[in-house]
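Below is one structure, written out as C-alpha cells; comments come after it.
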Amino acid sequence: MKILLTGVSGQLGHALQKQLAGAHTLITPTRAQMDLSQPWQIEDTIRSVRPDLIINPAAYTAVDLAESEPELALQINAVAPAVMAAEAKALGIGLIHYSTDYVFDGGKADADGNWLAYTEQDRTAPLNVYGETKLAGEQAIRASGCAHLIFRTSWVYSLHGKNFLLTMLKLASERDQLRVVDDQWGVPNSADWLASVSVEILAQAGAASSSPRWWQEFSGLYHLSASGRTNWCEFARSIMRNAEKLGLLQTAAPQITGIASSEYPTAARRPQNSLLNSACLQQRFNVLLPDWEQNLRRCLQKMQTQRPLQDVVN
Ligand SMILES: NC(=O)c1ccc[n+]([C@@H]2O[C@H](COP(=O)([O-])OP(=O)(O)OC[C@H]3O[C@@H](n4cnc5c(N)ncnc54)[C@H](OP(=O)(O)O)[C@@H]3O)[C@@H](O)[C@H]2O)c1
C-alpha cells in the first residue's frame, strides 16, 4: 500500500514509520516539503502522490504555547485534517488521525468523587486552545464523510522527541529532588505501543482501496489507551524505579515529592481526569490493552540497547 505519513520527526510518526516501513511504500514529507499550516501544500501533495491511505500523527502539540498561537494551532490541528479528509473523500481512501484526552474538561466522576474514564459518547468540553483545536479537527473529519479512524489517546512518551519520560530521565541526572504534580490522573501511552495497535488495526483493514466495506463498518472515533491509571507524580516515580532496576541511571534516583497543580502554574489549563475508556476499541478490533507500566518497562528496556541514557540527556 502507498501511505502518506505525516509528522515522522515526532514521537508517534517516528514509531509508525519504523513499524510500517517494511510492508508498505511510505511517503513521509517533512515540514519543509508539506507545511501543515498551508492548506494548498497539503492538497498539492495528496493530489500528486495519490496515496492509498493517509496517516496523520502530526499536530501542533505545544499545549501552553497554543494559548498565544491559537490561529496557528487551529490551522495545523483542525484545518489541515479537514483538507486531508476532503482529499481522502475525493480519492475514496481512508484517513487515520490521532486526537487527545484534552477534548474533555476532566470532571467526570462518580457520586463519591472517584474519577471515571471517558467513553467516546461523553460530552467534550476542552479547557485549553490545544484541546479546542484538536476537537475541531475531529469534527471536521467526521463531517467530511471520508472513511476514517480517529484514535484519541493520552500522555504520549517515547525514546524519541520531547516528552515527560525523557524530561524526567534528564532531570534525574541533574537533581536529587523533584516536585511533580499529583492531582492530574491519566494513563501514559508509549508511542511504540500506539503505533503497533494502529498497524494491527490497519492489517485488519487490508488494502484500503480494496476494503471499502471494512471502512464502512469500522470508520469512527475510538479511545486508544493502555489500562490502569496513575498521576504524573506516580508516573515519575515509576520511571525512576524501573530505570534504576534496569541499571539505566548514572546517579541515585532523585526523591520525588507530589505537589498540587496550583503549585505549578501553566499557561494552559489541564484536565484533572484524563482517563480514557478503550473498551469499544478492544471489543471491535480485538486488541489487547496492557497495563501502562508494562509498556513503560518495555520502552525502558529498549533504552538499554537502542538509545543509551547519555544520548537522551545530552
Ligand atoms: N504528546 C502527547 O502527550 C499527546 C497526548 C495525546 C494525544 N496526542 C496526539 O497524538 C499525536 C502524536 O503526538 P506526538 O506526541 O507524536 O507529537 P510530536 O512528537 O509533538 O510530533 C508532532 C509532529 O508534527 C509535526 N508538525 C507540527 N507542525 C507541523 C507543520 N506546520 N507542518 C508539518 N509538520 C508539522 C512535527 O514536525 P516538526 O518536527 O517539523 O515540528 C512533528 O513531526 C498528535 O495528534 C497529538 O495531538 C499527543
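Numbering of ligands and ligand atoms starts at 1, following listing order. Bear in mind that the values here come from a model prediction, so they are computed numbers and not experimental data. Along the sequence shown, residues are numbered consecutively beginning with 1.
Side-chain atoms of Ser158 do not come within 3.5 Å of backbone N or O of Ser190 as any donor-acceptor pair.
Listed by chain and residue number, the protein contacts of ligand 1 are Gly7, Ser9, Gly10, Gln11, Leu12, Arg31, Met34, Asp35, Leu36, Ser37, Pro57, Ala58, Ala59, Thr61, Ile76, Tyr98, Ser99, Thr100, Asp101, Tyr130, Lys134, Thr153, Ser154, Trp155, Val156 (heavy atom within 4.0 angstrom).
For the salt bridge (charged side-chain N to carboxylate O under 4.0 Å, His left out) condition, the pairs that include at least one residue of residues 58-75, sequence neighbours left out, are Asp64-Arg270. Sorted by first and then second residue, the side chain to side chain donor-acceptor pair (under 3.5 Å) pairs with a member in residues 89-102 read Asn56-His97, Tyr98-Ser198, Ser99-Glu138, Asp101-Ser274; sequence neighbours excluded. Applying the salt bridge (charged side-chain N to carboxylate O under 4.0 Å, His left out) test to every pair with at least one member in residues 117-135, sequence neighbours left out, gives these pairs: Asp105-Arg123, Lys108-Asp122.
Annotation: side chain of Arg284 is in contact with side chain of Tyr222 (closest heavy-atom distance under 4.5 Å). By the 4.5 Å heavy-atom criterion applied to side chains, Asp183 and Gln272 are counted as neighbours.
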